Amino acid sequence: MKKRILVLCGGISKERLISLDTGKQVANELKKNRYTVMTCEPDHDLLKNIKRFRPNVIFNALHGQFGEDGYIQTILEIQKIPYTHSGVIPSSIAMDKEISKKIFIKNKILTPKYIKFDYKKNKKNIIKIIEKKLKFPVVIKPINEGSSVHVYICNKKNIVKNLKTLSIYNQILIEEFIGGREIQVAIMGTKTLGTIELKPKRKFYDYEAKYNLNAKTKHIIPVNLSKKDLQKITNITQMAHKLIGCRGVTRSDFKFYKGKFYLLEINTQPGMTKLSLVPEIANYIGISFTQLIEWILKDASLDR
Ligand SMILES: Nc1ncnc2c1ncn2[C@@H]1O[C@H](COP(=O)(O)OP(=O)(O)O)[C@@H](O)[C@H]1O
Ligand SMILES: [Mg+2]
């Protein structure tokens, strides 16, 4: 009998479109590989769909809030169905950039200095509050988004205006801006899958630079790093993955400046679109998209 795989994608986060794309790529792949596949939204009918379809494994292709942050994982745990990627607590920790940073700092992993900013309380003294701890330029970002949504590099002149666009969030992270190179490392289980460098033509690796081919971001593999630095970034990534308790495939985002690696975040559900980095890194070492998806499925079923 063919195994039944339910691919969960879409959702209500700001990364909905990326998730639909990831879901489509994964579902198309699985259909080639002797599975019965159902694609499904995490909406009110989810439990009904699970009951009717009785999946052997759920491929969680959601990104962002309510998909990558432990909420949906809790529902799947209760249903006792194996699902891909990290579990409840690691997902919620990794999605929260402030909690992650606290863990990084506690374990001596370098991450940009930051303050947590409450827009409603502090909007009058923005510059004073920032200059107490950080220097301009700074980077402002939501605590729990992805895909560079609402991430801005700010100077004194535009910070007030940019922060206003983030006023929908209760709390905001303001980080010191780290120049230099943009490097990401993928992990697959206990192994390091590989490393990629991104050279955006835009001001930084923003949403357009990530997903729009016309933005012409350069993807560089192998990354030109000394053996020692490669070992260093690999060790940090392994350590972060383990500290947070992640499972399966993750991707960690770094800035490399003046010989130091700054860990920005760890992604527990990296994209699987045609432009996504984990499939590209895997492909470089001879792991095809088919093999990558098969591995993720198997990993989900083995653990439970
Ligand atoms: N402190 C920083 N200094 C320099 N660039 C940053 C900093 N924080 C974020 N960026 C830029 O913004 C991008 C997205 O930030 P990141 O923290 O990874 O959030 P997201 O979850 O949206 O990917 C990074 O890949 C990088 O290009
Ligand atoms: Mg990132």
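Computed from a prediction, not measured in an experiment: that's the story for all the values here. These values consider heavy atoms only, across backbone and side chains, with no hydrogens, waters or symmetry-generated copies.
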Counting distance only, does the side-chain N/O of [X] pair as donor-acceptor with the main-chain N or O of [Y] below 3.5 Å?
| X | Y | answer |
| --- | --- | --- |
| Ser19 | Cys9 | no |
| Thr217 | Pro200 | no |
| Gln25 | Met272 | no |
| Asn158 | Asn155 | yes |
| Ser148 | Val151 | no |
| Glu280 | Leu277 | no |
| Ser91 | Ser86 | yes |
| Glu182 | Leu198 | no |
| Ser13 | His63 | yes |

Rounded to the nearest 0.5 Å, how far apart are [atom1] of [X] and [atom2] of [Y]?
| X | Y | atom1 | atom2 | value |
| --- | --- | --- | --- | --- |
| Asn122 | Lys128 | CG | NZ | 12.0 Å |
| Ile58 | His85 | CD1 | NE2 | 13.5 Å |
| Leu264 | Thr111 | CG | OG1 | 6.5 Å |
| Ile233 | Ile183 | CD1 | CD1 | 5.0 Å |
| Ile143 | Met95 | CD1 | CE | 11.5 Å |
| Gln79 | Leu47 | CD | CG | 5.0 Å |

Pairs satisfying ring pair (Phe, Tyr, Trp, His ring centres under 6.0 Å), at least one member in [range], at least two apart:
| range | value |
| --- | --- |
| residues 134-190 | His150-Tyr169 |
| residues 87-128 | none |
| residues 187-216 | Tyr207-Tyr211 |
| residues 251-282 | Phe256-Phe261 |

- prompt: Do Val249 and Arg251 pass the side chain to side chain contact (heavy atoms under 4.5 Å, CB included) test, and can you show the C-alpha distance, the side-chain angles, and the key distance before you say yes or no?
  reply: CA-CA 7 Å; Val249 170; Arg251 202 199 69 236; over 6 Å; no
- request: Can you sort out the partners of Asp45 under side-chain contact (heavy atoms from CB on, under 4.5 Å), two or more places apart, ordered by chain and number?
  value: Asp43, Lys48, Asn49
- prompt: Could you go step by step and tell me if Thr268 and Ile244 meet the side chain to side chain contact (heavy atoms under 4.5 Å, CB included) rule?
  reply: CA-CA 10 Å; Thr268 50; Ile244 294 183; 5.7 Å; no
- prompt: Hey, is Glu176 close enough to Lys255 for a salt bridge, meaning N to O under 4.0 Å?
  reply: no
field: Worked verdict on Lys258 versus Ile178 for side chain to side chain contact (heavy atoms under 4.5 Å, CB included)
entry: CA-CA 10 Å; Lys258 292 194 173 165; Ile178 309 292; over 6 Å; no
For the hydrophobic clusters of this structure (ILVMFWY residues joined by side-chain heavy atoms under 4.5 Å, transitively), does one cluster hold both [X] and [Y]?
| X | Y | value |
| --- | --- | --- |
| Ile221 | Leu230 | no |
| Leu243 | Leu110 | no |
| Leu263 | Val139 | no |

With a 4.5 Å limit on heavy-atom distance, are the side chains of [X] and [Y] in contact?
| X | Y | result |
| --- | --- | --- |
| Ile81 | Leu76 | no |
| Gln238 | Ile187 | yes |
| Pro55 | Ile50 | yes |
| Val223 | Arg181 | yes |
| Lys24 | Val7 | no |
| Val26 | Ile296 | no |
| Ile12 | Gln65 | no |
| Thr290 | Asn33 | yes |

- request: Using distance alone, with no hydrogens and no angle criterion, decide if Tyr35 and Glu29 have a side-chain donor and acceptor under 3.5 Å apart.
  value: no
message: When you compare the side chains of Ser276 and Thr273, does any donor N or O come within less than 3.5 Å of an acceptor on the partner?
response: yes
Pair Ile236-Val185, side chain to side chain contact (heavy atoms under 4.5 Å, CB included): steps then yes or no: CA-CA 10 Å; Ile236 301 171; Val185 186; over 6 Å; no
Kindly give the heavy-atom pair with the smallest separation between [X] and [Y], and that separation in Å.
| X | Y | value |
| --- | --- | --- |
| Leu275 | His219 | O-CE1, 3.8 Å |
| Ile266 | Ala240 | CD1-C, 4.1 Å |
| Leu6 | Cys40 | CD2-CB, 3.8 Å |
| Asn60 | Gly67 | ND2-O, 3.1 Å |
| Pro82 | Ser301 | CB-CA, 4.2 Å |
| Lys141 | Ile172 | O-CG2, 3.5 Å |

Applying salt bridge (Lys or Arg N to Asp or Glu O under 4.0 Å) as the test, list every pair that has at least one member in [range]; sequence neighbours left out.
| range | value |
| --- | --- |
| residues 84-103 | Lys97-Glu265, Glu98-Lys102, Glu98-Lys116, Lys101-Glu175 |
| residues 205-228 | Arg202-Asp206 |
| residues 144-159 | Lys14-Glu145, Glu131-Lys156 |

- prompt: For Lys242, what residues pass the salt bridge (Lys or Arg N to Asp or Glu O under 4.0 Å) criterion, not counting sequence neighbours?
  reply: none
Salt bridge (Lys or Arg N to Asp or Glu O under 4.0 Å) partners for Arg4, two or more places apart: none
- line: Phe66 meets the ring-ring contact (aromatic ring centres under 6.0 Å, His included) criterion, sequence neighbours left out, with Tyr71
message: With a sphere of 6.0 Å drawn around CG of Asn107, does it hold more than 12 non-hydrogen atoms of other residues, nucleotides or ligands?
response: yes
query: Do other residues, nucleotides or ligands put more than 12 heavy atoms under 6.0 Å from the CD1 atom of Ile127?
result: yes
- request: Please list, chain by chain and in numerical order, all residues satisfying side chain to side chain donor-acceptor pair (under 3.5 Å) with Glu15, sequence neighbours excluded.
  value: Ser147
